[in-house]
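As structure tokens, the structure follows; a few thoughts come after it.
A, B, ... follow the sequence lines: proteins, then strands. Residue 1 opens every chain.
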There are 2 protein chains.
Amino acid sequence: MARTKDPDPEVRRRILDVSLDLFATKGFAATGVQEIVTKAGVTKGALYHYFKSKDEILFEIYGRVFGHELESLQRIVAEGHDPVRTLRTIIVDLVSHTAAITKESAVFARGGHADSPHWQAMQEQWRRYQEGFRQVIRDGQEAGAFSSKASPEVASWSVFGFTNSMHTWYRPEGRKSPADIGEELADLILTGLQS
Amino acid sequence: MARTKDPDPEVRRRILDVSLDLFATKGFAATGVQEIVTKAGVTKGALYHYFKSKDEILFEIYGRVFGHELESLQRIVAEGHDPVRTLRTIIVDLVSHTAAITKESAVFARGGHADSPHWQAMQEQWRRYQEGFRQVIRDGQEAGAFSSKASPEVASWSVFGFTNSMHTWYRPEGRKSPADIGEELADLILTGLQS
DNA sequence: ATAGACATACCAACCGGTCGGCATTGACTT
DNA sequence: AAGTCAATGCCGACCGGTTGGTATGTCTAT
């Protein structure tokens with residue numbers, strides 16, 4: 001029974017969970033390593049056994065934010081539906097995904113670490129997602145589905161701003177499901193775009 | 001030339017300006033007092049002569065964010081125009097104001113200091129502004145100007161999310177003026193609300 | 001003389017990070 | 001089966017540097 005090496009022990013998980021909580025509520029810089037280990041019920045030795053720096057914990061959290069959203073968008077576009085249905089699906093997908101990672105989203109929203117490669121890499125992914133989103137709107141305008149007077153930039157920032165601020169007000173125990181909220185947002189934006 | 005006692009000496013201003021810059025780009029916690037005074041070309045003695053703590057600098061910046069926005073909203077409502085025009089004016093006003101204080105807005109967006117009374121006071125003002133905004137939408141729905149199917153919450157968070165994220169993309173040297181951008185956002189949201 | 005406007009030197013506390021050590025465990029040898 | 005060994009997982013005392021903040025002094029204008 002070759003017991004395989006545990007790839008993700010509970011101690012490591014606890015450190016990550018507690019860090020996520022603290023980074024989301026207090027911010028990365030304002031959170032001390034000592035605070036993390038105390039709340040997680042472990043020691044500094046344990047933390048530095050699993051992570052080579054405090055930064056690395058942050059980077060692992062970053063990785064969960066935009067990991068697969070660009071692929072998701074491209075997959076939806078590839079399905080080849082009409083612009084209205086395509087954009088609606090994208091918006092609902094984005095809102096649902098953001099609702100599922102509110103804490104990570106809060107850490108991301110606080111920003112920081114502008115000079116680290118990890119942060120820049122994530123910003124680049126995020127930028128590409130934005131560009132893909134706007135391209136869907138532009139395609140829809142050329143196809144005549146959306147008004148040419150509307151601004152793809154303003155429309156996209158309404159949606160991104162909405163999702164970026166979700167962590168400040170969205171609560172999972174609320175009446176509306178993430179999908180419901182996404183549909184309502186899609187209703188609003190799509191109506192506006194079609195004018 | 002009786003040089004009157006300067007109520008806001010240049011040294012104090014420089015400290016405030018530099019702090020605003022650093023807090024907006026690096027975050028409050030990640031910015032050291034030493035860093036502020038070095039960049040401002042003054043000494044710590046000067047800083048602690050004008051401010052009794054690093055926090056107080058932050059609080060003074062906070063004060064500039066929502067100082068008069070609630071009054072502005074109430075003044076616009078009091079003018080008694082139709083819901084569509086009222087909401088449009090409010091949105092343009094909010095976007096313009098946010099564009100004028102992008103750095104302060106960035107500091108606010110990073111959040112933090114959840115337990116300080118200053119932060120909570122500002123959150124309360126912000127909450128009241130949101131409520132006033134949503135009430136305009138609800139009034140418009142009762143008056144039949146807006147569709148009753150639309151969600152005031154989703155519509156308002158599209159606008160607030162938009163303004164909250166402006167500091168990440170708005171540049172004063174861009175082609176569109178803040179008022180232009182505000183009009184475009186108003187077009188989008190108002191069309192959506194009227195369905 | 002008095003008060004404001006700083007400069008300078010300094011401090012305890014805390015920061016992220018390190019390091020030698022130790023208990024446990026599975027693999028390999030005999 | 002017993003003994004050896006190396007690796008893993010973790011502990012906690014410790015480190016140099018930095019932190020926000022202060023005490024005291026000096027200069028200047030009134």
Side-chain angles (χ1 to χ4, degrees), chain A residues 1-23 25-62 107 110 112-116 118-119, chain B residues 1-23 25-62 107 110 112-116 118-119:
Chain A
M1 216 21 21
R3 183 201 275 251
T4 56
K5 200 169 46 176
D6 195 341
D8 198 2
E10 58 153 332
V11 171
R12 191 186 142 92
R13 274 229 84 84
R14 271 218 306 280
I15 292 170
L16 272 173
D17 285 349
V18 170
S19 297
L20 177 58
D21 253 345
L22 290 171
F23 292 170
T25 54
K26 306 188 31 168
F28 174 75
T31 302
V33 172
Q34 192 58 56
E35 202 178 349
I36 296 172
V37 299
T38 302
K39 259 204 171 179
V42 300
T43 60
K44 286 224 276 189
L47 189 148
Y48 281 95
H49 175 72
Y50 289 106
F51 303 93
K52 64 191 234 283
S53 71
K54 184 188 167 192
D55 283 3
E56 215 188 55
I57 301 177
L58 180 64
F59 298 151
E60 185 151 335
I61 292 173
Y62 279 167
V107 175
R110 282 179 179 271
H113 263 98
D115 45 356
S116 103
H118 288 83
W119 173 257
Chain B
M1 34 159 127
R3 185 200 274 253
T4 56
K5 197 171 55 176
D6 197 338
D8 196 2
E10 57 155 332
V11 170
R12 191 186 141 93
R13 273 231 85 83
R14 272 219 303 280
I15 292 171
L16 233 24
D17 284 351
V18 169
S19 298
L20 177 57
D21 252 347
L22 290 170
F23 292 170
T25 54
K26 306 187 30 168
F28 174 75
T31 302
V33 172
Q34 191 58 55
E35 202 178 349
I36 296 172
V37 299
T38 302
K39 259 205 171 181
V42 301
T43 61
K44 286 223 279 191
L47 190 149
Y48 281 96
H49 175 70
Y50 289 107
F51 303 94
K52 64 188 234 279
S53 71
K54 183 187 166 192
D55 283 3
E56 213 187 57
I57 301 178
L58 180 64
F59 298 151
E60 185 151 336
I61 291 172
Y62 278 167
V107 175
R110 282 178 179 274
H113 265 98
D115 45 357
S116 103
H118 288 85
W119 175 257

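- In this structure, the nucleotide among dG20(D), dA5(C), dG16(C) sitting nearest to the side chain of Tyr50(B) is dA5(C).
- Comparing Lys52(A) and Glu35(A) by the nucleotide of DNA chain C that holds the closest heavy atom to each, the one mapping nearer the 5' end is Glu35(A).
- By the 30° and 60° cut-offs, the orientation of the rings of His113(A) relative to Phe59(A) is perpendicular.
- Taking the side chain of Thr43(A) as heavy atoms from C-beta on, and the options dG17(C), dC10(D), dC11(D), the nearest nucleotide is dC11(D).
- No donor-acceptor pair closer than 3.5 Å links the side chain of Arg12(B) to the backbone N or O of Ala46(B).
- Of the candidates dC6(C), dG17(C), dG21(D), the closest approach to any side-chain atom of Tyr48(B) belongs to dG21(D).
- Heavy atoms of Gly45(B) sit under 4.0 angstrom from at least one base atom.
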Exercise for the section: Please step through side-chain contact (heavy atoms from CB on, under 4.5 Å) for the pair Trp119(B) and Leu58(B), ending with a clear verdict. Expected result: CA-CA 10 Å; Trp119(B) 175 257; Leu58(B) 180 64; over 6 Å; no
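- Nearest heavy atoms, Glu60(A) versus Phe51(A): OE1-CE2, 3.9 Å.
- Rounded to a whole Å, the CD1 atom of Ile36(A) is 12 Å from the C1' atom of dC15(C).
- Which of dC10(D), dA7(C), dC6(C) sits closest to the side chain of Pro9(B) comes down to dC6(C).
- At the phosphate of dC10(D), neither OP1 nor OP2 sits under 4.0 Å from any side-chain N or O atom of His49(A).
- One can place NE2 of His113(A) at 11 Å from P of dG16(C), the figure rounded to the nearest angstrom.
- For the pair Gln34(A) CD and dC14(D) P, the interatomic distance rounds to 15 Å; values are reported in whole Å.
- In this structure, of dT19(D), dC11(D), dC6(C), it is dC11(D) that holds the atom nearest to the side chain of Val42(A).
- Taking the side chain of Val33(B) as heavy atoms from C-beta on, and the options dA7(C), dG20(D), dC11(D), the nearest nucleotide is dG20(D).
- The Lys44(B) side chain lies nearest to dG21(D) when the options are dG21(D), dG16(C), dC10(D).
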